[in-house]
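This structure is a prediction, so every number in the text was calculated from the model and none was measured.
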Amino acid sequence: MRHLPRAVGRSLCPAAVAGLLVFSPCPAGAADDDAPKGPAVTVLKVAKSCFSDIVEATGTIVAREQTSVRPERPGLKVTEVLAEAGDTTTAGQVLARLALPEGGTLQVTAPVAGVIATSTAQIGNFASAKGEALFTIVARSEYDLVGLVATTDVRKLAANQPATVWIAGADDISGKVRRIGATVEPNIQQGMVYIGISSQKRLLLNASGRALIKTGQSCNVAVPLTAVQYSSAGTVVQVIRRNRVETKRVEVGLMSGGNIEVRDGLNEGDVVVARAGALLREGDPVRPVMAAEAAK
């Protein structure tokens, strides 16, 4: 048998079948081209998620309607106090009893249901129609958070939008936008919003509060904030295709919980670098490791 030149022999794969020598290109070389090379990189698959558009307002708590309770006659002396600040009342409930100058007693009742905000009633004190109110009641236990929002966010607000309100010294309370102010504070360039809240517990009037108002929702694919890079070329994400890095420009939107909405540039199921960095460049070979596996 004639011997092939060594250079040719190295480029072919021999297969002897029943004495017949057949040469074909070696598959090992092709496999090597697709085999993962380069550094290990943590990646994840892009999935869809929904994001809430949130507007933040900060302000103070006020009573939506406050009712003052006094006797109709002057010169009456408090003999019994049956309610105090913080109590929840019903309409017609007896709050105190007063002694009449000519004898007998007069009952002071709550004109509306609500929460008693303040009380000055003390046994032995005098009360009259023109004096200081014995009680003030937050009618129907309805309060407003009067808050300020950035002028750019005022246009997003509308009546009945849901809000979560945090108040100093109280639990989180659900509320709704009741009305939006028609003007902007010129010195600070912020608009005013009234967020209605109801609480059977006493809220401290003039206490500071903060509200997160949900003005809308958007559903798109999402990636971690760490996957996004901002540069002079725009906002980009590093995508892995055939074990190589591809840089994709994206349009981002809302953010929530460490993730960011991608409105354009990615598709569901794309594999992206979980923590993008300057060390990876366009076309670099990598060995992708799914985030779930990397966490083990």
Side-chain angles (χ1 to χ4, degrees), residues 26-58 147 149-157 161-166 171-174 210-296:
C26 295
D32 288 344
D33 289 341
D34 290 336
K37 301 175 183 177
V41 174
T42 302
V43 299
L44 50 85
K45 282 189 177 182
V46 175
K48 285 191 174 181
S49 184
C50 290
F51 294 80
S52 296
D53 194 356
I54 301 295
V55 169
E56 182 173 345
T58 56
V149 299
T151 305
T152 52
D153 288 332
V154 172
R155 59 182 178 81
K156 299 180 182 180
L157 300 177
Q161 287 172 336
T164 302
V165 180
W166 284 271
D171 296 330
D172 300 349
I173 302 174
S174 297
R210 182 171 71 99
L212 298 181
I213 307 167
K214 183 177 178 181
T215 62
Q217 181 173 274
S218 181
C219 296
N220 272 304
V221 295
V223 296
L225 288 169
T226 54
V228 179
Q229 287 184 301
Y230 300 91
S231 67
S232 57
T235 307
V236 299
V237 170
Q238 293 172 326
V239 178
I240 304 301
R241 288 197 173 93
R242 296 181 64 83
N243 299 324
R244 290 186 180 273
V245 176
E246 292 185 12
T247 303
K248 299 276 290 184
R249 288 191 63 176
V250 294
E251 178 188 343
V252 295
L254 303 173
M255 292 182 286
S256 177
N259 293 323
I260 187 167
E261 173 192 16
V262 178
R263 293 176 175 172
D264 189 43
L266 290 180
N267 297 312
E268 187 175 8
D270 283 348
V271 176
V272 302
V273 178
R275 186 176 292 275
L279 296 179
L280 294 177
R281 299 178 181 275
E282 180 76 12
D284 281 355
V286 294
R287 290 181 290 116
V289 179
M290 295 304 293
E293 297 177 7
K296 292 181 181 179

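- Under the salt bridge (charged side-chain N to carboxylate O under 4.0 Å, His left out) criterion, Lys156 pairs with Asp53, Asp153, sequence neighbours left out.
- At a threshold of 4.5 Å between non-hydrogen side-chain atoms, the residues Val262 and Asn220 do not count as touching.
- Legend: disulfide bond (SG atoms under 2.5 Å apart) pairs involving residues 239-268, not counting sequence neighbours: none detected.
- Partners of Thr151 under the side-chain hydrogen bond (donor to acceptor under 3.5 Å, both in side chains) rule, at least two apart in sequence or in another chain, do not exist in this structure.
- Results of the side-chain contact (heavy atoms from CB on, under 4.5 Å) test with Val252 over Val223, Ile260, Leu225 single out Ile260 as the only residue that passes.
- Looking at heavy atoms from C-beta onward, Leu44 lies in side-chain contact with Pro224 at the 4.5 angstrom threshold.
- Every residue was checked against the salt bridge (charged side-chain N to carboxylate O under 4.0 Å, His left out) condition with Asp284, not counting sequence neighbours, and none meets it.
- Under the side-chain contact (heavy atoms from CB on, under 4.5 Å) criterion, Thr58 pairs with Glu56, Arg210, sequence neighbours left out.
- The side-chain contact (heavy atoms from CB on, under 4.5 Å) check on Lys214 picks up Ser52, Ile54, Pro162, Gln217, with sequence neighbours excluded.
- For residues 237-278, there are no disulfide bond (SG atoms under 2.5 Å apart) pairs, not counting sequence neighbours.
- For residues 245-260, the pairs satisfying salt bridge (Lys or Arg N to Asp or Glu O under 4.0 Å) are Arg241-Glu246, with sequence neighbours left out.
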Side-chain atoms of residues 263-276: list all donor-acceptor pairs with protein atoms under 3.5 Å, sequence neighbours left out, distances to 0.1 Å.
residue: Arg263; atom: NE; partner: Glu261; partner atom: OE1; Å: 3.3
residue: Arg263; atom: NE; partner: Glu261; partner atom: OE2; Å: 3.4
residue: Asp270; atom: OD2; partner: Asn267; partner atom: N; Å: 2.9

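- By the side-chain contact (heavy atoms from CB on, under 4.5 Å) test, Ser256 is found to be paired with Phe51, residues two or more places apart in sequence or in another chain being considered.
- Between Val250 and Val236, the closest side-chain pair of non-hydrogen atoms is not below 4.5 Å.
- Shortest non-hydrogen contact noted between Thr42 and Ala291 is CG2-CA, 3.7 Å.
- Considering only residues two or more places apart in sequence or on other chains, Ala47 meets the side-chain contact (heavy atoms from CB on, under 4.5 Å) condition with none of them.
- For residues 212-267, the disulfide bond (SG atoms under 2.5 Å apart) pairs, not counting sequence neighbours, are Cys50-Cys219.
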